[in-house]
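Step one of this worksheet: look at the structure below.
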Amino acid sequence: MIALYCNDNFQHLIHNISPMMFAKRRLILTLWRINTRKLHVYADMENLIKQGFIKYAKTKQAEHDWDFAAEMFAKLLLNSARYFWSATNKSRLNKFLPIGERCWQSPNDKFSGCLK
């Protein structure tokens, strides 16, 4: 399922699912706080996104080591969601995550231009 999140139309997917995720943000933010010996929802989600990114990226450029880019992508995506969805300042509260597609286009970009 995570492969759906890492495809050629990722920007379109993020734009389409953002309102639905935003509507469920309180539940998502609450679930992300679960951190027990056996269950750590946020870390597990981060790992799923990372592994999905690597799986997709290897179909485009198999010889490259995507581990660092995947780690940063997963962290950027989830931390951006947490930042914008848990905002106490209403001007920062945003249902659309302002993550640009340059974040996952090339490891040589050094994530420049990730935020719109």
Side-chain angles (χ1 to χ4, degrees):
M1 180 173 147
I2 196 66
L4 293 174
Y5 294 101
C6 296
N7 63 40
D8 291 326
N9 296 316
F10 186 79
Q11 186 72 34
H12 183 69
L13 176 69
I14 286 292
H15 184 76
N16 286 341
I17 67 168
S18 284
M20 184 268 301
M21 300 291 284
F22 181 79
K24 305 255 185 221
R25 73 187 181 281
R26 287 184 185 89
L27 174 62
I28 294 167
L29 292 168
T30 301
L31 290 172
W32 283 352
R33 286 192 299 235
I34 297 172
N35 190 12
T36 66
R37 277 187 9 204
K38 293 185 178 186
L39 186 62
H40 25 78
V41 177
Y42 189 85
D44 290 343
M45 248 181 111
E46 195 173 82
N47 190 47
L48 283 172
I49 292 168
K50 178 182 174 179
Q51 296 308 315
F53 182 98
I54 290 170
K55 183 178 178 182
Y56 172 72
K58 286 198 178 272
T59 67
K60 301 296 182 186
Q61 194 176 2
E63 69 282 352
H64 185 74
D65 180 9
W66 288 101
D67 190 67
F68 177 75
E71 180 82 19
M72 292 300 103
F73 176 75
K75 288 185 181 306
L76 176 67
L77 183 63
L78 291 183
N79 281 309
S80 295
R82 184 167 40 195
Y83 177 84
F84 286 105
W85 294 344
S86 63
T88 53
N89 180 345
K90 290 191 190 261
S91 67
R92 196 178 80 198
L93 194 60
N94 194 341
K95 68 178 170 180
F96 293 103
L97 297 180
I99 297 174
E101 63 186 44
R102 287 195 53 177
C103 292
W104 56 86
Q105 282 182 340
S106 168
N108 299 326
D109 286 343
K110 304 289 189 226
F111 294 96
S112 61
C114 283
L115 298 176
K116 289 182 179 177

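The CH2 atom of Trp66 lies 9.5 Å from the NZ atom of Lys58; values are rounded to the nearest 0.5 Å. The NZ atom of Lys50 lies 8.5 Å from the CE atom of Met72; values are rounded to the nearest 0.5 Å. If you take OH on Tyr56 and CZ on Phe73, they are separated by 10.5 Å, rounding to the nearest 0.5 Å. Note that CG of Asn35 is 9.0 Å distant from CG of Asp44, once rounded to the nearest 0.5 Å.
The minimum heavy-atom distance between Ile54 and Ala70, with the atom names listed, is CG1-CB, 3.4 Å.
Under the 30°/60° scheme for interplanar angles, the aromatic rings of Trp32 and Trp85 are found to lie parallel.
One finds a salt bridge joining Glu71 and Lys75 here, because a Lys/Arg side-chain nitrogen approaches an Asp/Glu carboxylate oxygen to under 4.0 Å.
With a 4.5 Å cut-off on side-chain heavy atoms, Glu46 and Leu77 do not count as touching. Contact of the Tyr42 side chain with the Ile34 side chain is not registered, since no non-hydrogen atoms from C-beta on lie closer than 4.5 Å.
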Let's go through Leu31 and Met45 carefully: what are the C-alpha distance in whole Å and the side-chain angles of both, what is the deciding distance for side-chain contact (heavy atoms from CB on, under 4.5 Å) to 0.1 Å, and is it a yes or a no?
CA-CA 11 Å; Leu31 290 172; Met45 248 181 111; over 6 Å; no
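For the pair Arg82 (side chain) and Asn79 (backbone), a donor-acceptor distance under 3.5 Å is absent.
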